[in-house]
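In what follows, a structure is listed as structure tokens, so that the remarks can point back to it.
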Amino acid sequence: MRIHVTVNGAERDLEVAPNTTLLDFLRDDLRLTGSKECCDLGECGACTVLVDGRSVNSCLMLAVEADASEVTTIEGLAKDGRLNPLQDAFLAKGAVQCGFCIPGQVMAGQYLLQRNPHPTLAEVREGLSGNLCRCGGYVQICEAVLAASEVGR
Amino acid sequence: MSIGTSERRSGGHARVTGSQKFVADIGLEQMLHVRLVHLNCGHARIVSIDTAQALAVPGVVSVLTAAELPQPMPRYGPVFNDRPVLAVGETKYHGQPVAAVAAESKEVAEAAAELVRVQHEELPGVFTVAAALDPASPLVQEPELRPNDPLNHTNVLSERRFGWGDVESARADLVVENVYTFPMITHFAIEPHAFIAAAEDDGVAVWTPTQNPFQMQRILATVLGLPVAKVRVHALDPGGAFGGKQHPKYEPLVALLALRTGRPVRLVLTLEETFQEVRRTSCEIRARTGFNRDGTISFQDIQSDFLMGAYADIAERVIDKSNYLGCGPYRVPNSRTVVRALFSHTTPSTAFRGFGTPQVSWAHESQMDDAARKLGIDRVEIRLRNLAGKGEAFLPGDTPADGDWAVSVRKAADAIGWGTALSPGRGRGLAVAVKAGATTGASYSIVRLHWDGSATVLAGTSDMGQGARTVLAQVAAHELGIPHEWITIVMGDTATVPFDLQTSASRSTVFMGQAVMRACQDIKAQLKQMAAELHAPDAPVVELLRARFSAVRGEVIGVGSYRGEYQPEHPLGGAPSFYEFTCTASEVEVDEGTGEMLLVRHVTVADVGKALNPQHVEMQDEGAAVMGLGHTLMEHILLDDSGRIRNLGALDYRIPTTKDLPLEMHSLLVENADGPGPYGSKGAGEGGLMATAPAVASAVTEATGVVIRDLPLTPERVWLAINEKDA
């Protein structure tokens with residue numbers, strides 16, 4: 001099947017198999033490997049991307065379902081090599097350890113801040129509860145989201 | 001300068017932009033995709049394997065079974081060469097591969113793997129300590145793999161004894177005797193294990209997220225019959241490792257497939273397959289502890305049985321090293337430990353953060369609490385009365401206590417509000433643990449000071465999240481007197497970086513840190529010589545370099561190394577270079593109606609000597625604490641009667657999320673610059689999980705009055721214990 005998607009601002013027109021997940025489409029067809037594969041059943045959040053502004057586990061969505069949509073992946077956040085405030089906050093707060101879950105954490109945080117620009121700690125914990133970090137950096141990850149919410153306040 | 005400041009993570013930018021390449025992100029031209037074939041049971045006799053249907057699928061290039069491999073089957077392991085490349089004759093655990101399909105796409109490989117027909121007969125298996133010790137049980141390992149071992153007709157790989165004094169004649173006012181169990185748990189690195197191999201000239205290249213590139217190189221060279229120099233290991237930064245990526249798993253298999261097909265091959269495991277591949281050693285510990293009336297320990301008498309799994313991997317080392325310190329950080333006049341390493345038809349266990357210490361501390365700390373309650377002594381006080389003082393040989397004849405550990409205990413007690421009033425339903429606990437740091441082995445580093453004053457540091461350490469790259473750059477920046485940003489750390493390619501024993505045992509800051517420091521000192525000596533020759537003793541380094549290298553360029557190369565020598569007479573092959581000491585304190589609230597627990601406050605104190613990067617130390621220590629909450633509260637692998645993992649995968653095996661965090665978490669450091677690493681540092685990063693379980697369990701006991709000696713403390717278990725008490 002042919003799909004037309006806008007990924008990180010670039011329009012893409014590609015042939016995909018009907019059973020290809022959005023994650024495989026991004027990683028294998030577009031070679032955007034920032035979105036990670038771990039549990040492959042929507043439990044870990046490592047593959048989190050935004051589709052038309054909504055946060056989704058891209059392992060649970062078919063590529064064909066993203067037809068005519070706008071997809072934002074971790075590769076699409078920094079502009080002209082400059083980190084966005086949330087990415088910068090992750091580094092400033094020491095929220096990055098091994099880094100494998102971080103693309104998903106950042107995208108989940110991005111989504112949270114879009115909906116709720118000034119969340120409380122409890123809201124951040126709730127909002128990121130679908131993203132596993134085995135390095136256990138949750139305290140710093142939540143601090144980073146809170147710090148980013150203060151930028152430009 | 002750079003030391004002691006919280007520099008941002010080297011490699012952090014790539015990690016927040018998605019450009020960091022993990023093994024599964026690497027694509028090579030003409031690469032084949034591999035899918036493993038396994039059986040839906042633990043122990044089974046393989047009758048026949050029919051690959052015809054799978055081979056007939058368009059796009060399938062190769063289906064490998066034991067029959068196609070060299071005979072006798074190559075076997076490998078970090079200590080014992082017992083793990084076959086593919087199951088031969090029988091499977092020994094649920095998930096052991098019996099065949100591997102290589103195909104043009106992962107979809108084809110997956111479909112063809114389903115078509116490999118394996119006729120097999122399920123056999124009774126050994127899944128518990130009791131079964132492993134039962135002489136009527138089947139043997140897990142073939143006796144011919146250890147022909148000269150008198151235990152080769154048992155499921156015991158080794159039985160070791162540690163101790164001193166005379167337990168039999170020691171007198172005590174109180175003897176407490178209990179049995180503690182620690183479950184199987186899995187590493188659950190968010191990066192599932194991934195492997196790529198490709199034939200390269202007259203050798204082979206392997207991409208793997210290993211913590212141990214040089215051991216991988218050695219083992220691959222042995223299995224493939226190649227010189228070490230013809231095996232190139234690209235050890236990419238692991239996406240979490242925690243010990244699970246310390247030793248070879250399927251690297252020999254993908255290397256053999258690459259050589260056989262002449263194509264690059266790639267195997268990315270599912271999360272479920274990683275569950276079947278690595279786990280922590282489970283155990284039963286029977287502890288009999290004698291106390292004097294004042295709470296001081298009279299003797300410690302421990303019988304430990306650890307279930308290793310189907311192959312030895314590094315498990316025996318885990319078991320010996322942790323049980324050698326099985327009495328904890330205490331002054332114990334009489335001690336006897338008998339520890340057995342047992343085979344079972346389960347996933348082979350391996351290194352896992354803490355390296356056996358969470359298991360032994362679960363026992364020795366719960367014993368302390370039991371005695372404190374029975375003797376009417378405060379639980380902090382009883383620990384302070386027994387804790388070894390700095391410089392005290394708490395392990396007779398070995399490295400003395402290298403920290404003022406009581407300081408950590410008091411710090412944790414203060415931070416948790418020990419002795420202050422508690423709200424109803426709440427309790428507090430405090431526990432300590434100590435782990436022997438790295439013992440033997442070498443780390444080498446080469447530092448290249450370029451003509452413009454920037455530097456490249458070659459180090460064989462793996463940066464798996466601990467931030468080794470950052471800290472080694474800080475050491476080099478400090479020694480060379482150049483900005484942190486002028487340094488590039490190169491890691492993980494055995495064709496480029498010099499030998500390092502491994503990234504384990506919290507050794508990198510101490511061992512590789514010293515090697516980098518010495519390489520920088522080597523450079524400084526050369527610069528001094530250069531300054532003398534140029535008659536410019538006071539010239540700044542950059543001017544000196546420009547003067548020396550102006551015409552034909554060049555650089556100054558420094559070499560440094562740090563070694564822990566092998567000591568054959570030492571029970572561990574070498575004395576610990578430092579101790580990792582931790583104190584954890586926790587306040588919990590238990591809902592007696594549901595058994596659910598709210599962690600109100602959780603404190604860890606780490607004695608790190610010197611925090612080279614305080615933020616990195618704290619995030620690791622807190623991260624370890626969160627991981628410790630996993631095995632304390634929720635994690636355990638459940639097996640069915642066929643040895644299958646019932647909770648296989650992220651849906652049914654839960655690890656902590658943001659919603660499981662304590663309301664407040666604090667990581668505190670003790671810094672007395674009394675470690676062997678650069679600037680007095682010690683290894684760190686494992687401690688935060690070593691005493692989690694006994695601290696939380698002690699709090700639960702204070703809150704509810706029930707004592708639980710089996711982990712994890714699930715709501716069901718806590719609720720049952722409360723109801724049994726009330727019944």
Side-chain angles (χ1 to χ4, degrees), chain A residues 17 19-20 24 27-28 31-46 73-78 81 83-84 86-88 90-106 124-142, chain B residues 6 8-9 11-22 24-27 106-107 187-192 237-242 268 270-272 463-467 615-616 618-620 622-630 649-651 655-661 665 667 688-689:
Chain A
N19 62 349
T20 299
D24 281 351
R27 287 182 55 83
D28 299 341
R31 296 303 297 156
L32 291 172
T33 55
S35 306
K36 300 301 178 201
E37 180 166 6
C38 169
C39 73
D40 211 23
L41 40 75
E43 282 296 310
C44 75
T73 71
I74 187 70
E75 288 93 344
L77 292 189
L83 299 181
N84 86 356
L86 183 59
Q87 291 171 307
D88 190 63
F90 265 68
L91 295 181
K93 292 292 173 187
V96 179
Q97 295 193 41
C98 81
F100 199 84
C101 74
I102 292 301
Q105 303 279 2
V106 171
V124 174
R125 287 187 176 191
E126 179 73 35
L128 295 183
S129 61
N131 290 76
L132 300 178
C133 170
R134 190 54 151 169
C135 298
Y138 295 129
V139 170
Q140 292 79 10
I141 288 169
C142 293
Chain B
S6 293
R8 284 187 175 201
R9 168 166 300 264
H13 190 278
R15 284 167 167 79
V16 296
T17 55
S19 60
Q20 176 72 28
K21 293 287 181 229
F22 296 93
D25 301 332
I26 303 283
K106 60 183 179 186
E107 293 77 16
H187 299 67
F188 206 140
I190 306 299
E191 175 199 32
D237 286 6
F242 315 114
V268 179
T270 64
L271 182 65
E272 289 76 7
D463 195 338
M464 52 195 186
Q466 84 281 43
Q615 185 188 64
H616 275 43
E618 285 161 17
M619 74 190 187
Q620 274 190 85
E622 282 185 9
V626 171
M627 190 176 240
L629 292 176
L651 263 177
I655 61 172
T657 71
T658 48
K659 297 190 79 172
D660 300 299
L661 288 183
M665 271 190 103
S667 164
L689 57 53

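Convention: sequence-line order gives letters A, B, ...; per-chain numbering from 1.
Checked by atom type and distance alone, the side chain of A:Gln87 pairs as donor or acceptor with a backbone atom of B:Val16 at under 3.5 Å. Not a single donor-acceptor pair under 3.5 Å links the side chain of B:Arg9 to the backbone N or O of A:Gly94. Of the possible donor and acceptor atoms, one in the side chain of A:Arg31 sits under 3.5 Å from a partner among the backbone N and O of B:Asp25. Although no hydrogens or angles enter the test, the distance criterion places no donor-acceptor pair under 3.5 Å between the side chain of A:Arg134 and the main chain of B:Met627. The backbone N or O of B:Thr17 lies less than 3.5 Å from no partner atom in the side chain of A:Glu75, so there is not a single donor-acceptor pair. For A:Tyr138 (side chain) and B:Pro656 (main-chain N/O), a donor-acceptor pair under 3.5 Å exists by modelled atom type.
Annotation: side chain of A:Ile74 is not in contact with side chain of B:Arg15 (no heavy-atom distance under 4.5 Å). Within the 4.5 Å cutoff, side-chain heavy atoms of B:Lys106 are placed close to those of A:Asp28.
Under a 4.0 Å N-O distance rule, the pair A:Lys36/B:Glu191 does not qualify as a salt bridge. Electrostatic pairing of B:Arg8 and A:Asp88 counts as a salt bridge here, judged by a charged N lying under 4.0 Å from a carboxylate O.
Interface remark: A:Leu91 contributes backbone and side-chain atoms alike to the contact with chain B (heavy atom separation under 4.5 Å). Looking at A:Ala17, neither its backbone nor its side chain comes within 4.5 Å of chain B, counting heavy atoms on both sides. Of the two parts of A:Asp24, only the side chain, counted from C-beta on, holds a non-hydrogen atom closer than 4.5 Å to a non-hydrogen atom of chain B. Both the backbone and the side chain of A:Cys39 come within less than 4.5 Å of a heavy atom in chain B. Neither the backbone nor the side chain of A:Gln105 comes within less than 4.5 Å of any heavy atom in chain B. Of the two parts of A:Arg27, only the side chain, counted from C-beta on, holds a non-hydrogen atom closer than 4.5 Å to a non-hydrogen atom of chain B.
In terms of non-hydrogen atom pairs under 4.5 Å with chain B, the most contact-rich of A:Ser129, A:Gly76, A:Gly34 is A:Ser129. Heavy-atom pairs under 4.5 Å with chain B were tallied for A:Leu83, A:Asn19, A:Thr73; the largest tally goes to A:Leu83.
Listed here is the closest heavy atom pair of A:Cys98 and B:Phe22: O-CZ, 3.6 Å.
Side chains of A:Gln140 and B:Glu618: a donor-acceptor N/O pair is absent below 3.5 angstrom, by distance only.
Distance check: B:Ile190 CD1 to A:Cys101 SG gives 6.5 Å after rounding to the nearest 0.5 Å.
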